[in-house]
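Some notes on the structure that comes next.
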Amino acid sequence: MRYWLMKSEPDEASIDHLANAPHRTLPWTGVRNYQARNFMRDLMQVGDGVLFYHSSCPEPGIAGIAAVSSTAYPDPTQFDRKSPYFDAKSSQETPRWVLVDVVFKKKIPLIPLAALREHDELKDMRVLAKGNRLSITPVTEAEWRFITKRLA
DNA sequence: GCCAACGTTGGC
DNA sequence: GCCAACGTTGGC
C-alpha cells in the first residue's frame, strides 16, 4: 500500500470529471515521462491512495482524494494518430507508455499549494521540491495522514 | 506572458 | 559519453 500525488489540468480532467465519470473511474492517460511511467508500472497497486492535484490553473492545489483501481496497462492514446499523446515510436507489440485507472473517493475543499507550503510536516513533500515537474510523485504515509486527517 | 527548471534529442 | 539546443512544465 502506497500513496501518491497525481497532477491533472482541471480543464482536461478535474476532480468533478472524475466524480461524474462512469464507475467514477478514469484511465490516467497521457503520462509521457519515464519516471512517472515507472511509478505506475513498477510500484502502483490497486488500493493505493491518490491525492488529486489540479495544476496549471488559477488555483493549483489538492482538490480531492482518489485511489488506484487497476494495475498498469498500455495507454491506448499512444497508438491514436489523432491524439495529442500519439507516439510514433511506440508499437502495439512493445508499448512504451502505460497507465492505471483511478477511482474517485471524495472531493475536498481545495488545499492550495501555498497552504501545503505552510506546514512543517509537509516540507519534504516531493511535489513541493524546487523545480519539481513530475506529474506523479510519491507521498509518505505521514504526509498522507497529515493531509487527509488534518487538512482535508 | 515570463521564466526557472528539467527532460529529451541528436551531433560529435 | 558529453553537452548544447530545444521543448515542456507549471507557478506566478
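Throughout, protein chains are lettered first and strands after them, A, B, ... in sequence-line order, and every chain is numbered starting at 1.
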Legend entry - ring-ring contact (aromatic ring centres under 6.0 Å, His included) partners of residues 122-152 of chain A, not counting sequence neighbours, each pair once: A/Y3-A/W144, A/H119-A/F146
Inset, instruction - Could you list the residues that satisfy side chain to side chain donor-acceptor pair (under 3.5 Å) with A/R24, not counting sequence neighbours? - result: none
Inset, instruction - Please identify each residue that fulfils ring pair (Phe, Tyr, Trp, His ring centres under 6.0 Å) with A/Y34, with sequence neighbours left out. - result: A/W97
Inset, instruction - Mind jotting down which residue pairs meet the side-chain hydrogen bond (donor to acceptor under 3.5 Å, both in side chains) criterion with at least one end in residues 56-73 of chain A? Sequence neighbours excluded, please. - result: A/Y73-A/D101
Inset, instruction - Please name all residues satisfying ring pair (Phe, Tyr, Trp, His ring centres under 6.0 Å) with A/F39, sequence neighbours left out, ordered by chain then number. - result: A/W4
Inset, instruction - Go through residues 34-42 of chain A and report each residue with a non-hydrogen atom lying under 4.0 Å from DNA chain B, sorted by number. - result: A/Y34
Legend entry - Results of salt bridge (Lys or Arg N to Asp or Glu O under 4.0 Å) for A/R96 - residues two or more places apart only: A/D87
Legend entry - Span of DNA chain B, from the first to the last nucleotide whose atoms fall under 4.0 Å of chain A heavy atoms: B/dA5 to B/dT9
Legend entry - Closest approach of A/S8 to A/A13 (non-hydrogen atoms, all atoms of both residues): OG-O, 2.5 Å
Legend entry - Partner residues of A/R145 under the side chain to side chain donor-acceptor pair (under 3.5 Å) criterion, sequence neighbours left out: A/E141
Legend entry - Of residues 131-140 of chain A, the positions that come close to DNA chain B - non-hydrogen atoms, cut-off under 4.0 Å: A/G131, A/R133
Inset, instruction - State which residues pass side chain to side chain donor-acceptor pair (under 3.5 Å) with A/T137; sequence neighbours excluded, sorted by chain then number. - result: none
Legend entry - Residues which pass side chain to side chain donor-acceptor pair (under 3.5 Å) with A/K107, listed by chain and number, not counting sequence neighbours: A/D16
